[in-house]
Amino acid sequence: MRHGKKFNHLGRKTAHRKAMLSNMACSLIEHKRINTTEAKAKALRKFVEPLITKSKDDTTHNRRVVFSYLRNKEAVTELFKEISVKVADRPGGYVRIIKLGNRQGDNAPMAMVELVDYNELYNPKGDKAKKSTRRSRRGGAKKTEAAAVETQTSQEEE
(Lines give C-alpha, C1' and ligand atoms only; values in the text may rest on other atoms or scores of the structure.)
Protein backbone atom coordinates (compact mmCIF):
# COMPACT_ATOMS: atom_id res chain seq x y z
CA MET A 1 0.00 0.00 0.00
CA ARG A 2 1.10 3.57 -0.56
CA HIS A 3 -0.27 5.21 2.58
CA GLY A 4 1.43 8.56 3.18
CA LYS A 5 3.98 8.06 0.40
CA LYS A 6 4.15 11.55 -1.08
CA PHE A 7 7.42 11.17 -3.02
CA ASN A 8 9.59 8.49 -4.54
CA HIS A 9 12.11 7.16 -2.02
CA LEU A 10 14.29 5.86 -4.87
CA GLY A 11 15.34 2.78 -2.88
CA ARG A 12 17.62 4.80 -0.59
CA LYS A 13 17.75 5.93 3.01
CA THR A 14 16.90 9.57 3.73
CA ALA A 15 20.46 10.88 4.02
CA HIS A 16 21.60 9.11 0.86
CA ARG A 17 18.58 10.38 -1.09
CA LYS A 18 19.08 13.99 0.05
CA ALA A 19 22.79 13.89 -0.80
CA MET A 20 22.09 12.38 -4.21
CA LEU A 21 19.43 14.97 -5.08
CA SER A 22 21.69 17.77 -3.87
CA ASN A 23 24.55 16.54 -6.05
CA MET A 24 22.27 16.12 -9.07
CA ALA A 25 20.85 19.63 -8.58
CA CYS A 26 24.37 21.09 -8.41
CA SER A 27 25.30 19.25 -11.60
CA LEU A 28 22.15 20.51 -13.32
CA ILE A 29 22.90 24.09 -12.29
CA GLU A 30 26.52 23.81 -13.42
CA HIS A 31 26.01 21.97 -16.74
CA LYS A 32 22.39 23.06 -17.52
CA ARG A 33 21.64 19.51 -18.75
CA ILE A 34 22.18 16.03 -17.30
CA ASN A 35 21.20 12.45 -18.16
CA THR A 36 19.69 10.20 -15.50
CA THR A 37 16.88 7.70 -14.98
CA GLU A 38 13.28 8.85 -15.32
CA ALA A 39 12.49 8.27 -11.63
CA LYS A 40 15.48 10.34 -10.50
CA ALA A 41 14.62 13.02 -13.06
CA LYS A 42 11.11 13.40 -11.68
CA ALA A 43 12.42 13.51 -8.10
CA LEU A 44 15.04 16.09 -9.13
CA ARG A 45 12.39 18.31 -10.71
CA LYS A 46 10.42 18.40 -7.45
CA PHE A 47 13.67 19.15 -5.59
CA VAL A 48 15.15 21.90 -7.78
CA GLU A 49 12.16 23.94 -8.98
CA PRO A 50 11.36 25.45 -5.55
CA LEU A 51 15.04 26.38 -5.22
CA ILE A 52 14.97 28.21 -8.57
CA THR A 53 11.83 30.03 -7.45
CA LYS A 54 13.61 31.10 -4.27
CA SER A 55 16.57 32.35 -6.28
CA LYS A 56 14.40 34.95 -8.02
CA ASP A 57 14.40 37.02 -4.81
CA ASP A 58 18.07 37.56 -3.93
CA THR A 59 18.09 37.96 -0.17
CA THR A 60 20.49 36.63 2.43
CA HIS A 61 17.79 34.43 3.89
CA ASN A 62 16.96 32.85 0.52
CA ARG A 63 20.65 32.25 -0.18
CA ARG A 64 21.02 30.47 3.16
CA VAL A 65 17.91 28.38 2.60
CA VAL A 66 19.10 27.31 -0.86
CA PHE A 67 22.61 26.64 0.48
CA SER A 68 21.14 24.35 3.15
CA TYR A 69 19.73 22.20 0.32
CA LEU A 70 22.60 22.37 -2.19
CA ARG A 71 25.66 22.64 0.12
CA ASN A 72 27.79 24.02 -2.72
CA LYS A 73 28.81 27.69 -2.81
CA GLU A 74 29.56 27.77 -6.53
CA ALA A 75 26.18 26.29 -7.42
CA VAL A 76 24.35 28.77 -5.18
CA THR A 77 26.28 31.68 -6.69
CA GLU A 78 25.53 30.59 -10.25
CA LEU A 79 21.89 29.99 -9.41
CA PHE A 80 21.41 33.47 -7.96
CA LYS A 81 23.59 35.35 -10.48
CA GLU A 82 22.84 33.76 -13.86
CA ILE A 83 19.87 31.39 -13.74
CA SER A 84 17.58 33.64 -11.70
CA VAL A 85 18.09 36.46 -14.23
CA LYS A 86 17.11 34.21 -17.15
CA VAL A 87 13.98 32.81 -15.47
CA ALA A 88 12.84 36.07 -13.88
CA ASP A 89 9.70 36.40 -16.01
CA ARG A 90 8.85 32.66 -16.09
CA PRO A 91 6.08 31.72 -13.62
CA GLY A 92 7.31 28.13 -13.13
CA GLY A 93 8.28 25.07 -15.10
CA TYR A 94 12.02 25.76 -15.16
CA VAL A 95 13.02 22.14 -15.84
CA ARG A 96 12.24 20.00 -18.89
CA ILE A 97 12.40 16.18 -18.85
CA ILE A 98 12.96 14.48 -22.21
CA LYS A 99 12.70 10.69 -22.34
CA LEU A 100 15.65 9.04 -24.08
CA GLY A 101 14.75 5.34 -24.17
CA ASN A 102 16.17 2.47 -22.17
CA ARG A 103 19.72 2.04 -20.89
CA GLN A 104 21.83 -0.63 -22.58
CA GLY A 105 22.94 -2.55 -19.48
CA ASP A 106 19.85 -2.91 -17.30
CA ASN A 107 17.07 -1.58 -19.56
CA ALA A 108 16.30 1.27 -17.14
CA PRO A 109 14.24 4.10 -18.66
CA MET A 110 16.55 7.09 -19.16
CA ALA A 111 15.76 10.79 -19.41
CA MET A 112 17.54 14.06 -20.03
CA VAL A 113 16.87 16.84 -17.53
CA GLU A 114 17.57 20.38 -18.71
CA LEU A 115 16.87 23.95 -17.75
CA VAL A 116 14.26 25.26 -20.18
CA ASP A 117 15.80 28.69 -20.86
CA TYR A 118 19.23 27.29 -21.69
CA ASN A 119 18.30 25.10 -24.66
CA GLU A 120 19.38 26.88 -27.85
CA LEU A 121 17.97 24.20 -30.18
CA TYR A 122 14.42 24.15 -28.81
CA ASN A 123 13.39 27.68 -27.93
CA PRO A 124 10.09 28.56 -29.60
CA LYS A 125 10.17 32.24 -28.58
CA GLY A 126 13.71 32.71 -29.89
CA ASP A 127 12.96 31.06 -33.24
CA LYS A 128 9.99 33.31 -34.00
CA ALA A 129 11.91 36.47 -33.23
CA LYS A 130 14.90 35.53 -35.40
CA LYS A 131 12.94 34.12 -38.35
CA SER A 132 12.51 36.51 -41.27
CA THR A 133 10.04 36.14 -44.11
CA ARG A 134 11.19 35.81 -47.71
CA ARG A 135 10.18 38.59 -50.04
CA SER A 136 9.67 38.26 -53.76
CA ARG A 137 11.97 40.32 -55.96
CA ARG A 138 9.11 41.51 -58.09
CA GLY A 139 7.16 43.07 -55.19
CA GLY A 140 10.23 44.84 -53.84
CA ALA A 141 11.24 46.10 -57.28
CA LYS A 142 7.82 47.66 -57.90
CA LYS A 143 7.97 49.53 -54.61
CA THR A 144 11.46 50.89 -55.28
CA GLU A 145 10.51 51.95 -58.84
CA ALA A 146 7.44 53.74 -57.55
CA ALA A 147 9.52 55.54 -54.94
CA ALA A 148 12.08 56.53 -57.59
CA VAL A 149 9.35 57.91 -59.88
CA GLU A 150 7.89 59.96 -57.01
CA THR A 151 11.27 61.48 -56.16
CA GLN A 152 11.87 62.38 -59.83
CA THR A 153 8.50 64.10 -60.16
CA SER A 154 9.03 66.05 -56.94
CA GLN A 155 12.47 67.21 -58.12
CA GLU A 156 11.08 68.27 -61.53
CA GLU A 157 8.31 70.34 -59.88
CA GLU A 158 10.82 72.33 -57.87
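Side chains included, hydrogens not; waters and symmetry mates left out as well; all remaining heavy atoms used.
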Item checked: Shared hydrophobic cluster, I29 / F67 (ILVMFWY, side-chain heavy atoms < 4.5 Å) ->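 They do share one cluster, since a chain of ILVMFWY contacts under 4.5 Å joins I29 to F67.
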Notebook entry, point to check: Are L28 and L10 co-members of a hydrophobic cluster defined by side-chain heavy atoms under 4.5 Å apart?
Noted result: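 Yes, L10 connects to L28 through the hydrophobic network.
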Identify every side-chain donor-acceptor pair in residues 73-83 under 3.5 Å, counting partners at least two apart or on other chains, and give the distances.
from, atom 1, to, atom 2, distance (Å)
T77, OG1, K73, O, 2.8
E78, OE2, K32, NZ, 2.3

Check: So which pairs with a foot in residues 57-66 pass salt bridge (Lys or Arg N to Asp or Glu O under 4.0 Å), sequence neighbours left out?
Finding: D58-R63
Notebook entry, point to check: Which pairs with one or both residues in residues 5-24 pass salt bridge (Lys or Arg N to Asp or Glu O under 4.0 Å), sequence neighbours excluded?
Noted result: none
Note to self: For residues 8-36, which residue pairs pass the ring pair (Phe, Tyr, Trp, His ring centres under 6.0 Å) check, not counting sequence neighbours?
What the structure shows: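 Matches after skipping sequence neighbours: F7-H9.
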Which atom pair, heavy atoms only, marks the closest approach of [X] to [Y]?
| X | Y | answer |
| --- | --- | --- |
| A111 | I97 | CB-CG2, 3.8 Å |
| N72 | C26 | CB-SG, 3.6 Å |
| T37 | A108 | CG2-CB, 4.4 Å |
| S22 | L70 | OG-O, 2.8 Å |
| S55 | S84 | O-CB, 3.2 Å |

Margin query: My understanding is that only residues two or more places apart in sequence, or in another chain, count here; which of them pass side-chain contact (heavy atoms from CB on, under 4.5 Å) with V65?
Written below: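 Partners of V65 by the side-chain contact (heavy atoms from CB on, under 4.5 Å) criterion, ordered by chain and then number, come out as K54, H61, Y69.
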Check: Would a 4.5 Å heavy-atom cut-off, applied to side chains only, mark K86 and Y118 as touching?
Finding: yes
Margin query: Within the 4.5 Å heavy-atom criterion, are M110 and T36 side-chain neighbours or not?
Written below: no
Notebook entry, point to check: Roughly how far, to the nearest 0.5 Å, is CZ of R96 from CG of N119?
Noted result: 5.5 Å
Side-chain donor-acceptor pairs of residues 45-53 under 3.5 Å, sequence neighbours excluded:
from, atom 1, to, atom 2, distance (Å)
E49, OE2, Y94, N, 3.3
E49, OE2, V95, N, 3.2
T53, OG1, E49, O, 3.1
T53, OG1, Y94, OH, 3.3

Would you tabulate the side-chain donor-acceptor contacts of residues 98-105 under 3.5 Å, counting partners in other chains and residues two or more places apart, or write 'none'?
from, atom 1, to, atom 2, distance (Å)
N102, ND2, N107, OD1, 3.1
R103, NE, D106, OD1, 2.9
R103, NH2, D106, OD2, 3.0

Item checked: Greater than 12 external heavy atoms within 6.0 Å of K42's NZ ->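 Not buried by this count: 12 neighbours or fewer within 6.0 Å.
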